[in-house]
Asks: 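Here it is: the structure, laid out below.
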Amino acid sequence: MAKVEIEKLKEIARQIRIDILTMLVEAGSGHSGGSLSAADIITVLYFYKMRYDPKNPKWEERDKFVLSKGHAAPALYAVLGRAGYFDTGHFHTLRKMGSILRGHPNSAVTPGVEVCTGSLGQGLSQANGLALSARLDKRPTRVYVMHGDGEIDEGQIWEAAMTSAHYKIDNLCAILDNNGLQIDGPNKEVKDTDPLVGKWRMFGWHVIEINGHNIEEIISALDKAEEIKGKPTMIIAHTVKGKGVSFMENKVEYHGVAPTRDEFERAMKELSEGN
Amino acid sequence: MTKMLGTRDVYGDVLIELGVANRDIVVLDADLSSSTRTAKFAKRFPERFFNVGVSEQDLMGTSAGLASAGKIPFASTFAVFATGRAWEQVRQSICLPKMNVKIVATHGGITVGEDGASHQSTEDIALMRVLPNMTVIIPADGYEAGAAIRLAANFRGPVYIRLSRDKFPVIYPENCEFEIGKAKVHSIGEDVTLISCGLMVHLSLEAADDLRREGLSVGVINMSTIKPLDSNAVLNAARVSGAIVTAEEHSVIGGLGSAVAEVISENEPVPLKRIGINDRFGMSGRATELLEYFGLTKNAIKEAVYHVMKLKSDKRQDLRLSN
């Protein structure tokens, strides 16, 4: 991948972070930390990896993305808006009455959103269903699903993980946004899910570990996942909660809150300086 | 001798028929395929059958994903697990996005028998009825089950169909019709109307025969669609009969009786008695013993009729006195 392309993706990711915070400050509520930690991965998915047509959102051969950690909805809405699924003017309506941008992703109201998520733990089963359907129809569709690290406390994740492996669903790639923090504190304190790599391997998955903020590493992991046959791939992406805004980084208290107007101005200053 | 037919046996056969006709029909089960009769489909169409093992939440989520991509999934397990264990998955992954998933659950009610309370679903109608976008159907016999399942395959949206472990007496002809949200009115009665679903329809028909011999004018309605409820049929019964008895193999809380009570109390209040399980769990025993123990019998229906007719007559007397 040419350096200029990488730089372009970094620039898009910076814009996505600005969009996320713009949406959140207007909404006055929402999940800042987990949206920012997911921003680089979602950017690479939508602006490098996935095949889709925003003018024809139901194109049958499209790749599909499931945001299983649905509370990072602002990150998803930002890429969908920038990709052209809807006018970016909608960003200002996040979480407001009548908006197409609900608090958590809802496929019934938002173009480009594939399934309903928000109640944690349900996206992997849905992604399996999407991938199995593509296989039955012999379509080239690849399915991507992003989980939070707190989310994998949910038992359904492991039910679904066994289904993915049992049915050798190799047109599926899951990504774990491993920012290390959940609502009540660090994963290690709330409920330790380590060793993550060993767990997913033992469940029959091909596992790749990356730095989830390094564009080159994200690209190479997503490309590599496509070559893995006969088993699903899990990309464990080590990330920083609140990434890109210094005072939000690694702060558990920014899990479920929007920036204040003042915090937003400071964040914009940092992001415009390209920190 | 009354012909007996298993609603789940019919399900197994109809699935094959649907699978032949439509390549988008897929079937999922959670390790109960021989009991739910989906094993037949699995054998015939192995590539379109997915056994997710003992994981009902995953069953519902995977079904939702398949539906999202245009398939028509039939998801089966026992009623207690389909609606209880996976309730929130049905809510979030299926009903909220209005996914075209057909949940066909077998072993509904207490007639599951010997397995006892853990396996007897006496709350499933309530759990499914409360969900927006959900359609809830309890067929009264095997042939009505077949018609409902065929119709569900062509209906767009989530559907819950409750089937049973036990065989039911056949009420309808093999080619009987079924319409979602349309009650089957067997008779109109000026004294009382019995509104039932599932196994209780056949018992209501028998009770009505007895009551007619006692000189009463009895209406019988098979309310096989609990949601959307045929409220016109309920209100007509309330107007014509002035007294209603409901009967269901389910808790009296939240099921058919509650649905009927909601409609009449807001529009046409008349005396009502609900036959069902009185806020208790089931227990082990033979199906017939359990029906007797919990008062889901022809005689219980008749007693309820006498009760509501007395209420009706007391009410009329009160009205005369106050005038």
Asks: Using every non-hydrogen atom in the two residues, find where B/Leu96 and A/Cys116 come nearest and quote the distance to one decimal.
Replies: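 Nearest pair, atom of B/Leu96 first, then A/Cys116: CG-SG, 3.7 Å.
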Asks: More than 12 heavy atoms of other residues, nucleotides or ligands under 6.0 Å from NZ of A/Lys199: is that the case?
Replies: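 Counting neighbours around NZ of A/Lys199, more than 12 heavy atoms of other residues, nucleotides or ligands fall under 6.0 Å, so yes.
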Asks: Could you name each residue pair satisfying salt bridge (Lys or Arg N to Asp or Glu O under 4.0 Å) that touches residues 115-131 of chain A, not counting sequence neighbours?
Replies: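 Counting only pairs at least two positions apart or across chains, no salt bridge (Lys or Arg N to Asp or Glu O under 4.0 Å) contact touches residues 115-131 of chain A.
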Asks: Quick one: ring pair (Phe, Tyr, Trp, His ring centres under 6.0 Å) partners of B/Phe45, sequence neighbours excluded?
Replies: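 Ring pair (Phe, Tyr, Trp, His ring centres under 6.0 Å) list for B/Phe45, sorted by chain: B/Phe41.
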Asks: Any idea which of A/Val115, A/Val143, A/Leu136 has the most non-hydrogen atom pairs under 4.5 angstrom with chain B?
Replies: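 Looking at each option in turn, the highest pair count goes to A/Leu136.
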Asks: With a 4.5 angstrom heavy-atom cut-off, is it the side chain or the backbone of A/Leu132 that approaches chain B, or both, or neither?
Replies: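 A/Leu132 touches chain B through backbone and side-chain heavy atoms alike.
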Asks: Quick one: side chain to side chain donor-acceptor pair (under 3.5 Å) partners of A/Asn178, sequence neighbours excluded?
Replies: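 A/Asp149, A/His238.
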Asks: Taking donor and acceptor roles from the modelled atom types, list the N and O pairs under 3.5 Å across chain A and chain B.
Replies:
| unit_1 | atom_1 | unit_2 | atom_2 | d |
| --- | --- | --- | --- | --- |
| A/Glu114 | O | B/Ser68 | OG | 3.4 |
| A/Cys116 | O | B/Gln92 | NE2 | 3.3 |
| A/Thr117 | O | B/Gln92 | NE2 | 3.1 |
| A/Ser119 | OG | B/Glu88 | OE1 | 2.7 |
| A/Ser119 | OG | B/Glu88 | OE2 | 2.8 |
| A/Gln122 | OE1 | B/Ser93 | OG | 2.6 |
| A/Gln122 | NE2 | B/Glu88 | OE1 | 2.8 |
| A/Ser125 | OG | B/Asp58 | OD1 | 2.5 |
| A/Gln126 | NE2 | B/Ser93 | OG | 3.2 |
| A/Asp137 | OD1 | B/Lys71 | NZ | 2.5 |
| A/Asp137 | OD2 | B/Lys71 | NZ | 3.2 |
| A/Gln156 | OE1 | B/Gln89 | NE2 | 2.7 |
| A/Gln156 | NE2 | B/Gln57 | O | 3.2 |
| A/Glu159 | OE1 | B/Asp58 | N | 2.9 |
| A/Thr163 | OG1 | B/Asp58 | OD2 | 2.4 |
| A/Tyr167 | OH | B/Asn51 | N | 2.7 |
| A/Tyr167 | OH | B/Asn51 | O | 3.0 |

